[in-house]
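One structure is given below, encoded as structure tokens.
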Amino acid sequence: MRVTQNQMYDSLTVGINKQLKIKNDANAAISSGTRFQRPAQAGLDYKISLDLRHTQSQIKGSVEALSIADSRLSSSQTMLNDISNVLTRAQTLAVQQSSAQTSAGEQLTAAVEVRHLLDQVANSANQTWMGEALFAGTDTGATAFVQDATGAYQYQGSNQDRTVAVNTNQSITTNVRGDEPAFTNTFTALQSFITALETGDRQGISNAIGNLTSATNEVIDLTSRVGGQISAIQSYKASYSDMSFAIDKRLSEHESADVAKLVVDMQTADTALKAAYTQIANLKSMSLVNYLR
């Protein structure tokens, strides 16, 4: 079958367009650093990238949720440590004031200090984190503890915990509630100690040693539990960070352009283009000669 000059010209034009596309795609890949920029360039690879980026976004959300939980619980732990320190000082005073040699005046002076200690506990128990009550459960706008008509502190928060969703299948508790016995027993022990000091009740002062020791142990146990939660959260965060790093690496390997190969492709395309342009020029020369004949 005879191949006409028009057919040869059309074939060369198709080839030129193909080589130009190779050069343009290679230039775009080198500029962006990625093998593909549009779904049409690599449908399956593009979808894989979308799936990996979606997973990466979910991991980022999980890490953010864990960071919130870590921060809130760390603040709670700090306040519990403060309460524990206050109780330690109160225990020291109880031992001192239980001595038969202490005078009524010394007991009243100690009562003033213990009342200040009670105020410190109330301040710690009513602390906020980012404007939200730490120990009021889900009722974050409430004051966790308020004094009733007798001066006793009462819990005013909710009986529900605050949680954050780590992923679609898992949520974790991110708070300590003020209705924990450690809080009630701390307030009760300090208030009873104040009353005993103010009334000169030596037996009550002696009893305060045991009550304050018990409350201190409960606060320490609660603080340890919170520490365990924080450790678990930090372990989760480390795992998610490892996952994120692995996905970043996979994305990079999946999407990164092979610059060396692209340069070779561009050079090959240039060679093919030069050959095609030469052939077209020859065809035009032949056509002109035929026309002149």
Side-chain angles (χ1 to χ4, degrees), residues 72-129 133-137 139-140 142-159 161 175-230:
R72 185 183 292 136
L73 286 170
S74 293
S75 294
S76 300
Q77 187 180 49
T78 297
M79 293 303 105
L80 290 171
N81 280 326
D82 289 346
I83 292 172
S84 179
N85 291 335
V86 167
L87 287 169
T88 298
R89 174 55 185 165
Q91 284 177 278
T92 300
L93 288 172
V95 171
Q96 291 173 351
Q97 297 303 313
S98 64
S99 170
Q101 282 72 41
T102 56
S103 65
E106 290 173 324
Q107 291 172 1
L108 290 176
T109 299
V112 172
E113 181 178 351
V114 177
R115 194 168 289 281
H116 285 309
L117 295 177
L118 176 61
D119 290 341
Q120 289 180 43
V121 169
N123 181 64
S124 295
N126 284 325
Q127 274 296 320
T128 60
W129 174 85
L134 267 178
F135 300 112
D139 193 0
T140 56
T143 299
F145 293 91
V146 296
Q147 287 179 292
D148 60 20
T150 67
Y153 282 94
Q154 303 293 337
Y155 179 63
Q156 298 297 303
S158 75
N159 61 357
D161 286 318
N175 70 297
V176 178
R177 291 206 318 266
D179 55 354
E180 286 276 354
F183 288 96
T184 301
N185 293 338
T186 293
F187 281 120
T188 300
L190 288 170
Q191 288 166 323
S192 297
F193 186 26
I194 292 170
T195 300
L197 289 169
E198 290 178 339
T199 60
D201 179 1
R202 291 195 177 276
Q203 184 58 51
I205 294 172
S206 180
N207 292 341
I209 298 174
N211 294 335
L212 290 167
T213 300
S214 178
T216 301
N217 291 336
E218 289 178 331
V219 171
I220 290 173
D221 287 344
L222 182 56
T223 306
S224 297
R225 279 165 43 198
V226 174
Q229 288 177 280
I230 292 171

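We use all heavy atoms of the structure for the numbers below, so side chains are in, but hydrogens, waters and symmetry mates are not.
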Side-chain atoms of residues 220-227: list all donor-acceptor pairs with protein atoms under 3.5 Å, sequence neighbours left out, distances to 0.1 Å.
| from | atom 1 | to | atom 2 | distance (Å) |
| --- | --- | --- | --- | --- |
| Thr223 | OG1 | Val219 | O | 2.7 |
| Ser224 | OG | Ile220 | O | 3.0 |
| Arg225 | NH2 | Glu180 | OE2 | 2.9 |

Side-chain heavy atoms of [X] within contact of [Y], under 4.5 Å:
{"X": "Val112", "Y": "Arg115", "result": "no"}
{"X": "Phe183", "Y": "Ile83", "result": "yes"}
{"X": "Ser98", "Y": "Ile209", "result": "yes"}
{"X": "Val121", "Y": "Leu190", "result": "yes"}
{"X": "Asn159", "Y": "Asp179", "result": "yes"}
{"X": "Leu118", "Y": "Ile194", "result": "yes"}

Query - CA sep, side-chain torsions, deciding dist, call: Asn185, Ser214, side chain to side chain contact (heavy atoms under 4.5 Å, CB included) - result: CA-CA 8 Å; Asn185 293 338; Ser214 178; 5.6 Å; no

Please report the shortest heavy-atom distance between [X] and [Y], naming the atom on each side.
{"X": "Phe193", "Y": "Ala90", "value": "CE2-O, 3.6 Å"}
{"X": "Gln101", "Y": "Glu106", "value": "O-OE1, 4.1 Å"}
{"X": "Ala142", "Y": "Ala133", "value": "O-CB, 3.3 Å"}
{"X": "Leu197", "Y": "Ala110", "value": "CD1-C, 3.8 Å"}
{"X": "Gln147", "Y": "Gly151", "value": "NE2-O, 2.9 Å"}
{"X": "Gln120", "Y": "Val86", "value": "OE1-CG2, 3.5 Å"}

How many angstroms lie between atom [atom1] of [X] and atom [atom2] of [Y], to the nearest 0.5 angstrom?
{"X": "Asn175", "Y": "Gln229", "atom1": "CG", "atom2": "CD", "answer": "8.5 Å"}
{"X": "Met79", "Y": "Ser74", "atom1": "CE", "atom2": "OG", "answer": "11.0 Å"}
{"X": "Ser76", "Y": "Trp129", "atom1": "OG", "atom2": "CH2", "answer": "9.5 Å"}
{"X": "Leu117", "Y": "Arg89", "atom1": "CG", "atom2": "CZ", "answer": "7.5 Å"}

Query - Ring geometry between Phe187 and Phe145 (parallel below 30°, tilted from 30 to 60°, perpendicular above 60°) - result: tilted

Donor on one side chain, acceptor on other, [X] and [Y], under 3.5 Å:
{"X": "Thr199", "Y": "Asp201", "value": "no"}
{"X": "Asn81", "Y": "Gln77", "value": "no"}
{"X": "Ser75", "Y": "Gln127", "value": "no"}
{"X": "Thr102", "Y": "Gln96", "value": "no"}
{"X": "Arg177", "Y": "Ser158", "value": "no"}

Do the side chain of [X] and the main chain of [Y] share a donor and acceptor less than 3.5 angstrom apart?
{"X": "Arg202", "Y": "Ala196", "result": "no"}
{"X": "Thr140", "Y": "Ala136", "result": "no"}
{"X": "Asn123", "Y": "Asp119", "result": "no"}
{"X": "Thr88", "Y": "Ser84", "result": "yes"}

**Report entry** Option among Ile205, Val114, Thr109 that satisfies the side-chain contact (heavy atoms from CB on, under 4.5 Å) test with Leu93
**Finding:** Val114

Requested in this report: Under the side-chain hydrogen bond (donor to acceptor under 3.5 Å, both in side chains) rule, what do Gln156 and Thr143 come out as? Steps first, then yes or no, please.
Outcome: CA-CA 7 Å; Gln156 298 297 303; Thr143 299; over 6 Å; no

